[in-house]
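The structure appears below as structure tokens.
Indexing begins at 1, ligand by ligand and atom by atom, following the structure's order. What's counted below: heavy atoms across the whole structure, side chains too, no hydrogens, waters or symmetry copies.
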Amino acid sequence: MSEASLPFNEKYSPSIAKVSSGEKRKQIWEESIKNPQEFWAEKAKAIDWFKAPTKVLDDSNPPFFKWFPDGELNICYNALDRHVKTARKNKLAYIWEGEMGEVKTYTYYQLYREVNKLAKALKDLGVKRGDRVAVFLPVIPELPITLLATTRIGGVHTVVFSGFSAEALADRVNDCGAKVLVTADGSFRRGKAVGIKDNADRASSLMTNIEKVLVVKRTGQPVQMKEGRDIWYHDALTAAGANAYVEPESMKSTDPLFILYTSGTTGKPKGVQHGIGGYLVWAYWTLKWAFDPTDEDIYWCVADIGWITGHTYNVYAPLSLGITAFLFEGTPDYPGQDRWWQMIENHGISILYGTPTAVRMFMKFGEALPLKHDLSTLRILGSVGEAINPEAWKWYYRVIGKERLPIIDTWWQTETGGFMISPAPGIELTPLKPGSATLPLPGVNIDIFDETGKPVPAQNKGYLVIKSPWPGMLQTVWKDPERFKLTYFGRWPGIYVTGDYAIRDQDGYFWLLGRADEVLKVAGHRIGTVELESALVSHPAVSEAAVMGKEDVVKGEVPVAFVVLRSGFTASDELRAELIKHVRTTIGPIATPDAVIIVNKLPKTRSGKIMRRLLKAVLTGAPLGDTSTIEDEGSIDDIKAAYAELQYQLAAVAAKKTQ
Ligand code: WTA
């Protein structure tokens, strides 16, 4: 890893803040690890509790840790009511821009009123403490409003990314047992109205529990409203009354706040369950440390609220801090490839929390586009979702940051609730290295282990693990505590396994090296190869499938599928295209395979396990290594031939395009 040995480079130390030795950060980190109880007791004071916790951590039943176990609070109260009581009342909470360029703003007070109306409407529909509310919405203001209204009355939300298929929606809604679904008629994509309600309708025959569906009118396209079940969102708000007020429920700190489904290495996506108190403390402090937002900032986290980044850093963290956040419904390159830069200029955005995939896409579009715009309001740049390669980091730093702004590369996961490894200008900005997420935040007791569970020396690759509980950690996997224990704590007792590879350099900086398991990161979206494989074998033509990640210059990696057909089916371009379409409709467009390679057999060990390592080697052109355990040597030649054939076809298509 040559980048890991990069010495601290003066060139990449931003001049806006004095970069210092890291002594202060080190001291705070050490204190947080030595005395976590005192440390977090102090930090918890930033939150408004209805009943202040007297205990920080109940660790009597690991790994089921309970943070602030006797505290009581309401997260919506922390996001809204407490600001409404102060001069912040009339400060903007959200500036939202739709795909078509329309802008809506909400002050904290206006947001509070909307949330109260919806909270009343949800109550009227029978939602009670602990009930699950499923949310299938594009990024429109009604999305955060629904989350806040749900948590105000003690409900638990499950947001399903609006790009998921009907089947994926139904799976998640059934697993969490939601009674109410909030959706929209549609949303705008590239200037066109696309349906969302129709997807929810397709899912409805599969959804077992849903009693009521609230429908936001976003596009005005025709939709079918089912008598007795479907209600227009605006009608429900009118019925609730313009002055509705709902007392926020006093919740236990350890009550569930939300369930968010994410991919793993086995079975269907798992419902990651976060609690209230620990999560909120974590959300609040991690945003403060990493982005140091102030009252003057306009903060933009580009993530869709359908993912964890949007939950924590578009809703709970910025609102609990009382800052102004920008939300955007749409596509980064519509109507022009400079849409982002145009919006930054128009709204005076000062903190941009983006993604490596977007940066690489903008690199491809060329630097003339951002240079056309006044980006001088920007103060801090961020990155999340996958490792940012040094080239992209440097481009971001040079072209967008004008060699002046720090790049805050934040490493974390759905399960961690918030940032874990990141620069922390809110404490002290330490030197940056392009491609490294730098150092663990306070409270994060992180290490890198070898196969045997021993810490590896500096500069050695290993498994990234977390050795002590932290407030933002998931509580469990919804309805499946065994899976929680096994997935995260099953390898080494008391040790949380992240599933990532990493190395630490001689300065203690962390470099993330991608997943150590069968999970893909496609444009930052987390997709398990097992889900893609199940989708493929659910097609009548497919008997076996193995999906691998292949490097991609923009998306980081893309799925490539090797499939074996059932007898009676023959390989053809039509069938390949159909299988790709089948995955799109079974999971959603984010899971679209880049290619489907049809082979006669997959390489297997004598015990019948697919040798994924060999498939990967074929994709990357790496040496095959040891093949002595292979069941049938011929399978490798078959795969190589099929892959070569595909490469040939792709080259032919590309050549035609450029003609
Ligand atoms: C990857 C997204 C390198 C990593 C917040 C992790 C990253 C997975 C980074 C979690 C980063 C996220 N550098 N890798 N800055 N951020 N990852 O649950 O593999 O969608 O395990 O959470 O994304 O993905 P998830």
Nearest protein heavy-atom contact for [atom]: which residue, which atom, what distance?
atom                    : answer
atom 6 (C) of ligand 1  : Asp500 OD2, 3.5 Å
atom 10 (C) of ligand 1 : Trp412 O, 3.6 Å
atom 1 (C) of ligand 1  : Gly385 O, 3.4 Å

At what distance, to the nearest 0.5 angstrom, does CZ of Phe164 lie from CD1 of Ile587?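 Between atom CZ of Phe164 and atom CD1 of Ile587 there are 8.0 Å.
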Is it true that Phe449 and Tyr463 have ring centroids separated by less than 6.0 Å?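 When the ring centroids of Phe449 and Tyr463 are compared, they turn out to be at least 6.0 Å apart.
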For the ring pair Phe326 and Tyr299, is the centre-to-centre distance below 6.0 Å?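 Centroid separation for Phe326 and Tyr299: 6.0 Å or greater.
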Side chains of [Y] and [X]: any donor to acceptor distance under 3.5 Å?
X      : Y      : result
Tyr353 : Thr309 : no
Thr312 : Tyr279 : yes
Arg584 : Thr592 : yes
Thr286 : Tyr313 : yes
Thr620 : Glu551 : no

May I ask you to decide if Val553's main-chain N or O and Arg360's side chain share a donor-acceptor pair within less than 3.5 Å?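 It does hold such a pair.
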I need the atoms of ligand 1 closer than 4.0 Å to a non-hydrogen atom of [X], numbered in the order shown.
X      : result
Ile308 : 5 (C), 22 (O)
Asp409 : 11 (C), 15 (N)
Thr309 : 5 (C)
Glu386 : 3 (C), 7 (C), 9 (C), 11 (C), 12 (C), 13 (N), 14 (N), 15 (N), 16 (N), 17 (N)
Lys521 : 1 (C), 8 (C), 10 (C), 20 (O), 23 (O), 24 (O), 25 (P)
Thr414 : 18 (O), 20 (O), 22 (O), 25 (P)

Could you point out which residue of Glu415, Glu557, Glu518, Glu531 forms a salt bridge (charged side-chain N to carboxylate O under 4.0 Å, His left out) with Arg526?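 Single salt bridge (charged side-chain N to carboxylate O under 4.0 Å, His left out) partner of Arg526 among Glu415, Glu557, Glu518, Glu531: Glu415.
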If we set the cut-off at 4.0 Å for heavy atoms, which region of Leu512 has an atom near ligand 1: side chain, backbone, both, or neither?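 Under 4.0 Å from ligand 1, Leu512 contributes side-chain atoms alone.
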Please confirm whether Trp307 comes under 4.0 Å of ligand 1, counting heavy atoms of the residue only.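 No; Trp307 lies far enough from ligand 1 that no heavy-atom distance drops under 4.0 Å.
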Please state whether Ala437 comes within less than 4.0 angstrom of ligand 1, counting heavy atoms only.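 It does not, in that no heavy atom of Ala437 comes within the 4.0 Å cut-off of ligand 1.
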Is there at least one pair of N or O atoms, one from [X] and one from ligand 1, spaced under 3.5 Å apart?
X      : answer
Ser383 : no
Thr498 : no
Thr262 : no

Between Gly435, Ala387, Ser263, Ala516, which one has a non-hydrogen atom sitting closest to atom 14 (N) of ligand 1?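 Considering heavy atoms of Gly435, Ala387, Ser263, Ala516, the nearest to atom 14 (N) of ligand 1 sits in Ala387.
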